[in-house]
> 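This is the structure, below, for whatever I ask next.
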Protein chains: 2
Amino acid sequence: MEKTSRDAAMTDVARLAGVSHQTVSRVLNNHPNVREQTRLRVKAAIKELDYRPNRAARALVTGKTQLIGVVAQNSTLYGPASLLSAFEEAAGEAGFAVSVGRVKVLDRDSIAAAVERHRDQRVAGIVVIAPNSSAADALADVPAGVPLVTVDGDPDRSTPLVTVDQAKGAFEATKHLIDAGHETVWHVSGPADWFDAAGRVEGWRAALDATSAEVPPVVAADWSAASGYRAGQMLARMPEVTAVFCSNDHLALGVLRAMSERGRRVPHDVSVVGFDDVPEAAYFIPPLTTVRPDFAAVAHETLGLLLEQVSDGETTRPRRTVAPTLVKRDSVAPPPR
Amino acid sequence: MEKTSRDAAMTDVARLAGVSHQTVSRVLNNHPNVREQTRLRVKAAIKELDYRPNRAARALVTGKTQLIGVVAQNSTLYGPASLLSAFEEAAGEAGFAVSVGRVKVLDRDSIAAAVERHRDQRVAGIVVIAPNSSAADALADVPAGVPLVTVDGDPDRSTPLVTVDQAKGAFEATKHLIDAGHETVWHVSGPADWFDAAGRVEGWRAALDATSAEVPPVVAADWSAASGYRAGQMLARMPEVTAVFCSNDHLALGVLRAMSERGRRVPHDVSVVGFDDVPEAAYFIPPLTTVRPDFAAVAHETLGLLLEQVSDGETTRPRRTVAPTLVKRDSVAPPPR
DNA sequence: CGACCTGGTGTTATCGCTAACATCACCGGC
DNA sequence: GCCGGTGATGTTAGCGATAACACCAGGTCG
């Protein structure tokens, strides 16, 4: 019975190719000063032995890994999940492995612990998806020296940050409702300590101000359909409410249900707009007009910003925003007259 | 200007504590033969220098990493996303880092490439979320010797596998509809090459067989609300359809919309049951009765199975299923008479 | 009372790689 | 024809851990 010998190492390849291990290393790292013929011999030997470089050994001597750490909340909220997925794909294409540290709640201690775990692994850089203020606060504890990019984080903090242009998306959504003829637009907001929610409130208000429309009180909710439903139950009772902009699609779903229950037809009696464009938004009743963020673009900007820091140590433009798109479906109509 | 010196290494700790680096290593690895007093001195030195062991060096000498590789599709489908999230959390709690390799499509080449990337990283084990047959096929290429667990994979393959008990969940959902008085139950199925979908078809059919109910033709769809809507448009036209079991909640959402458009009230005229219990299912119109899988349990079983293989090399019980729960809401009622 | 174990510690080799320097053949220029 | 430059390669010295073995004091036992 044959015992499987250990994996081939660089010296094994070198022996087979009749060169020194250093030459093998040069081939692997595309150094210029290797004769073409030698390079081919080495490559053949690599293939024959199914040799794969030992990353641990390389990391040990260079002091660098090809690993990026991501800290994210353990939630399946559509926005963060999409972002994470897009980032993993982008990083993978750039040859980086992504190590994900999930955190139950976005508080200071949990995030600090997750960051520490990543530092233990000696990641090349860290991405924190820090959509609310407690998460952003935790970043104050992170020691400098580790390249770090925040996604969806605090716009008022000076750390490198990539984010969807929430205000712009909200502005367009609101303006779309006003343009349809509504006198004003109500807003069902996400949790106040989430920057995404704050940015959307800001854009909504700016759009109302721009046309001197009355600014109704913000209806506070969390991100769930449940809270959207509760908000909708109130809004459905107020006859003057003809247009509602919801901070995400699930809130909009809850509002739709509440309207339906009280016999207020969407869009005939009330118009509704969401945010996120979840895949099923087109199959709400009625199909939902909403704002679609470009998660792939956010992921690419994030990776770019991080790699800039890794190589230069500094970065010139540490703040990037990505504009979302308004997707028009059937939940907006002129107000009843 | 001070130059930041490199991170503290084991020898630095040893020098400060007045011992050899080997003793430091022993303290770190909880070897028994260290005097209590020495242990404390070493620990103090570790703290003072903010020393953290170099994993690369450890991996190099031991030949093992504390990394688990996961291969998953780049999708935000609720089931796979929840599973991934739950697994990352479970692994993190067990002291393992998780490296996620996202794949655009679940075909043979992509999966093989992702597995290779993980092997390059010398992960301790690999988890493949392989919910359809093309993904399962790709696993045939994976060389033995790497501990590997499949989640949601092919029940007919002999590799270690953890999965939700789809058939059981579907059986209960269908039986619930029959018990409500429906003569038979129609089924809107997920893609035929997904094992989840196949298992749910099987459970549905078993429940009908058990009561000698007529087995109507399966209505084929993918997982999207869009295809559920198309299926619903057909079902809504057939007066004898009074109960529909959908392979997931988004399909159910599409069916609900189609029913609503044709004036067939749910649950008064038609009863609908879904699968997955997405967070917003309780806010569909009407709130959806559905089947809830226990993703956390699946994640724990998966991790356990993987670690068993890592340590023992073998495993006794390579197949584990986790039973889901029926969640009753308002989308089921007795048939109209 | 010397042989032998045993708990606590140090010394040395080693993992697989890259960086730095050494070597050597060959080239062109004065 | 000797010198310095250059391209291709080899040699050596680490990176920071663990493993294996060596060592030494002190206690046990025949």
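Here the structure is a predicted model, which is why all the values come from computation and not from measurement. Scope of the values below: all heavy atoms of this structure, side chains included, with no hydrogens, waters or symmetry mates. Proteins come first, then strands; the chains are lettered A, B, ... in the order of their sequence lines, and each starts at number 1.
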> For the pair A:Asp165 and A:Arg320, find out whether any cationic side-chain nitrogen is under 4.0 Å from an anionic carboxylate oxygen.
no

> Using whole Å, report how far CZ of B:Arg52 lies from C1' of D:dG16.
16 Å

> Is B:Ser99 close to B:His118 at the side-chain level, that is, under 4.5 Å between some pair of heavy atoms?
yes

> Could you tell me whether the side chain of A:Phe195 reaches within less than 4.5 Å of the side chain of A:Ser133, counting heavy atoms only?
yes

> How many whole angstroms separate atom CG of A:Asn54 from atom P of D:dG16?
16 Å

> If you look at every heavy atom in A:Leu303 and A:Ile68, which pair is closest and at what distance?
CD1-CD1, 3.7 Å

> In this structure, how many angstroms lie between the C1' atom of C:dC17 and the CD atom of A:Gln22, rounded?
9 Å

> Can you check whether any acceptor in the base of D:dT9 is under 3.5 Å from a donor in the side chain of A:His21, or vice versa?
no

> Quick one: do B:Glu301 and B:Arg319 make a salt bridge, cutoff under 4.0 Å?
no

> Is any side-chain N of the basic residue among B:Lys104 and A:Glu93 closer than 4.0 Å to the acidic one's carboxylate O?
yes

> So which of residues 23-50 of chain A are in contact with DNA chain D, with a heavy-atom cut-off of under 4.0 Å?
A:Thr23, A:Arg26, A:Asn33, A:Val34, A:Arg35, A:Thr38

> Under 4.0 Å, heavy atom to any atom of DNA chain D: which of residues 55-66 of chain B qualify?
B:Ala57, B:Arg58, B:Leu60, B:Val61, B:Thr62

> Find the distance B:Met10:CE to C:dT11:C1' and express it as a whole number of Å.
15 Å

> Hey, is B:Asp12 close enough to B:Arg15 for a salt bridge, meaning N to O under 4.0 Å?
yes

> Would you kindly give the CG-to-C1' distance between B:Asp7 and D:dC15, to the nearest whole Å?
13 Å

> Using 4.0 Å as the upper bound for N to carboxylate O, is an ion pair formed by B:Arg122 and B:Asp120?
no

